[in-house]
**Q** 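Below are the structure tokens for one structure; questions will follow.
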Amino acid sequence: MTPLARDFYSRDPITVARELLGRILIRQCDEGLASGRIVEAEAYLSSRDPACHAYRGRNRKNATMFGPPGHAYVYMIHARWCLNAVTEAADLGSAVLIRAVEPLAGIELMQERRRRTDVRDLARGPARLCQALAVTKALDGHDLTSGRELWIAADPAQNGEVLEIVRSRRIGVTSAASRLLRFFVAGSRFVSGRAGRSRPLPAGRAAVV
DNA sequence: CTACCGATTGACT
DNA sequence: GTCAATCGGTAGA
């Protein structure tokens with residue numbers, strides 16, 4: 001499982017968010033290995049996006065967002081951790097929030113960490129995913145291209161299949177709420193929020209990309 | 001030092 | 001569907 005290279009992340013966050021879907025997020029630590037297929041991600045567009053933590057410039061908390069692309073930006077919200085990948089270029093502050101993965105390896109480990117047995121509840125949501133994969137502030141600034149501890153790789157089983165991707169408003173954001181910067185795999189049961197219930201698209205709510 | 005907030009979750013009706 | 005607990009970071013006194 002070779003890690004995606006820096007070039008992958010050195011593109012605009014919308015492209016990276018879309019292309020992260022279907023890739024494998026891998027967590028290796030003393031307890032063992034756990035992984036999942038990314039099925040949901042959101043783009044945060046630096047100074048041109050009021051919902052982005054970097055919108056008002058650099059501070060102590062968001063410093064890693066302004067570091068090199070391909071590094072993890074981990075922050076706490078409502079007493080829970082969330083994982084981003086820094087994108088585009090250093091000093092810009094754009095990133096992709098990884099919102100959900102479909103559990104693959106290490107399911108028992110994830111069940112212990114989450115204290116839940118239902119596989120659908122293990123990593124559906126940005127903070128659940130971090131709990132399942134033991135992602136904390138300790139990994140803030142970690143290099144996702146290193147192939148150690150935490151990284152992202154292509155799915156060897158995908159074989160060039162094309163994913164059907166749906167685009168919608170981001171979840172939970174209070175500013176720039178109307179922008180369609182959330183992407184998820186159509187029909188996946190492992191997507192958070194209003195998604196699994198795949199109804200026809202009420203105009204403006206979600207659109208197939 | 002205290003007050004307030006949030007890119008959430010889980011329990012509940 | 002609703003709603004309150006959650007706690008580290010930040011701002012402000």
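Numbers restart at 1 for each chain; the letters A, B, ... are given by sequence-line order, proteins then strands.
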**Q** Starting at the 5' end of DNA chain C, write a dot or bracket for each base, bracketing those in Watson-Crick or G-U wobble pairs whose two distances are under 3.5 Å and using | for partners on another strand.
**A** |||||.||||||.

**Q** Would you tell me whether A/Asp7 and A/Ser10 have side-chain atoms, one donor and one acceptor, within less than 3.5 Å of each other?
**A**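 Short answer, no.
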
**Q** In this structure, how many angstroms lie between the C1' atom of B/dT9 and the CG atom of A/Asp121, rounded?
**A**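 After rounding, the reported distance stands at 11 Å.
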
**Q** Of the nucleotides B/dT9, C/dT6, B/dA7, which one has an atom closest to the side chain of A/Tyr75?
**A**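 Closest nucleotide among those given: B/dA7.
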
**Q** Between A/Arg60 and A/Ile77, which has a closest nucleotide on DNA chain C that is more 5'?
**A**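 It is A/Ile77, whose closest nucleotide lies nearer the 5' terminus.
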
**Q** What's the closest nucleotide to the side chain of A/Arg128 if the choices are C/dG9, B/dT9, B/dT8?
**A**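 Shortest atom-to-atom distance from the side chain points to B/dT9.
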
**Q** Do A/Thr117 and A/Gln111 have side-chain N/O donor and acceptor atoms under 3.5 Å apart?
**A**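 No.
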
**Q** Expressed as a whole number of angstroms, how long is the span from A/Arg56:CZ to C/dA11:C1'?
**A**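 Rounding to the nearest Å, CZ of A/Arg56 and C1' of C/dA11 are 13 Å apart.
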
**Q** Without decimals, in angstroms, what is the distance between A/Trp81 CH2 and C/dT6 C1'?
**A**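 The answer, rounded to whole Å, is 13 Å.
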
**Q** Can you name the ring-ring contact (aromatic ring centres under 6.0 Å, His included) partners of A/Phe66, sequence neighbours left out?
**A**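 For A/Phe66, no residue satisfies ring-ring contact (aromatic ring centres under 6.0 Å, His included) once neighbours in sequence are set aside.
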
**Q** So, A/Gln131 and A/Arg114: side-chain donor and acceptor under 3.5 Å apart, yes or no?
**A**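 Yes, side-chain donor-acceptor contact under 3.5 Å.
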
**Q** For A/Phe183, is the NZ or CZ atom of A/Arg99 found under 6.0 angstrom from the centre of its six-membered ring and inside 45 degrees of the ring axis?
**A**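 No.
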
**Q** Under a 3.5 Å cutoff, is there a donor and acceptor pairing between the side chains of A/His53 and A/Tyr73?
**A**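 On atom types as modelled, these side chains qualify, holding a pair under 3.5 Å.
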
**Q** In terms of side-chain heavy atoms of A/Pro126, which of B/dT8, C/dG8, B/dG10 is nearest?
**A**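 The answer is B/dT8.
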
**Q** Could you check how far CZ of A/Arg124 sits from P of B/dT8, rounded to whole Å?
**A**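 It works out to 14 Å between those atoms.
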
**Q** What is the separation between atom CE on A/Met76 and atom C1' on B/dT9, rounded to the nearest whole Å?
**A**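 So the CE-C1' distance, A/Met76 to B/dT9, works out to 13 Å.
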
**Q** When the distance from CG of A/Asn84 to P of B/dT8 is rounded to whole Å, what number comes out?
**A**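 Computing the A/Asn84:CG to B/dT8:P distance gives 11 Å.
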
**Q** Any base atoms under 4.0 Å from A/Ala51, or only sugar-phosphate, or nothing? Heavy atoms, all strands.
**A**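 Base: the residue A/Ala51, judged by heavy atoms under 4.0 Å, touches a nucleobase.
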
**Q** Given B/dG10, B/dT8, B/dA7, which nucleotide is nearest the side-chain atoms of A/Arg114?
**A**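 Nucleotide nearest to A/Arg114's side chain: B/dG10.
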
**Q** Starting from the 5' end of DNA chain B, give me the residue, A/Gln131 or A/Gly172, whose nearest nucleotide shows up first.
**A**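 Looking at DNA chain B, the more 5' nearest nucleotide goes with A/Gly172.
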
**Q** With a 4.5 Å heavy-atom cut-off, do A/Arg170 and A/Leu181 have their side chains touching?
**A**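 Yes. Closest side-chain heavy atoms under 4.5 Å.
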
**Q** Students often get this wrong, so: under 4.0 angstrom with heavy atoms, is A/Arg115 touching a base, only sugar-phosphate, or nothing?
**A**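 If one applies the 4.0 Å heavy-atom cut-off, A/Arg115 turns out to touch nothing in the nucleic acid.
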
**Q** Taking any heavy-atom pair under 4.0 Å as a contact, classify A/Asn59: base, sugar-phosphate, or nothing.
**A**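 Sugar-phosphate: the residue A/Asn59, judged by heavy atoms under 4.0 Å, touches backbone atoms but no base.
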
**Q** Please answer whether B/dA7 and A/Tyr44 are stacked, defined here as ring centres separated by less than 5.5 Å and planes angled under 30°.
**A**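 Aromatic stack with B/dA7 present for A/Tyr44.
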
**Q** Atom CG of A/Asp140 and atom C1' of C/dG9: how far apart are they, to the nearest Å?
**A**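 Taking atom C1' of C/dG9 as the reference, CG of A/Asp140 is at 13 Å.
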
**Q** Check the distance between B/dT9's P and A/Arg120's CZ and give it to me in whole angstrom.
**A**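 Answer to the nearest Å: 13 Å.
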
**Q** Return no unless some side-chain N or O of A/Ser192 is found under 4.0 Å from OP1 or OP2 of B/dT8.
**A**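 For B/dT8, neither OP1 nor OP2 has a side-chain N or O of A/Ser192 closer than 4.0 Å.
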
**Q** On DNA chain C, compare the nucleotides closest to A/Lys137 and A/His78; which residue's is nearer the 5' end?
**A**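 It is A/His78 whose nearest nucleotide is closer to the 5' end.
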
**Q** With respect to the phosphate group of C/dG9, does any side-chain polar atom (N or O) of A/Arg80 fall under 4.0 Å of OP1 or OP2?
**A**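 A/Arg80 to C/dG9 OP1/OP2: no side-chain N or O under 4.0 Å.
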
**Q** Does NZ or CZ of A/Arg11 fall inside the cone over A/Phe8's six-membered ring, less than 6.0 Å from its centre and within 45° of the axis?
**A**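 Positive - A/Arg11 is close enough to the ring of A/Phe8 and near enough to its axis.
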
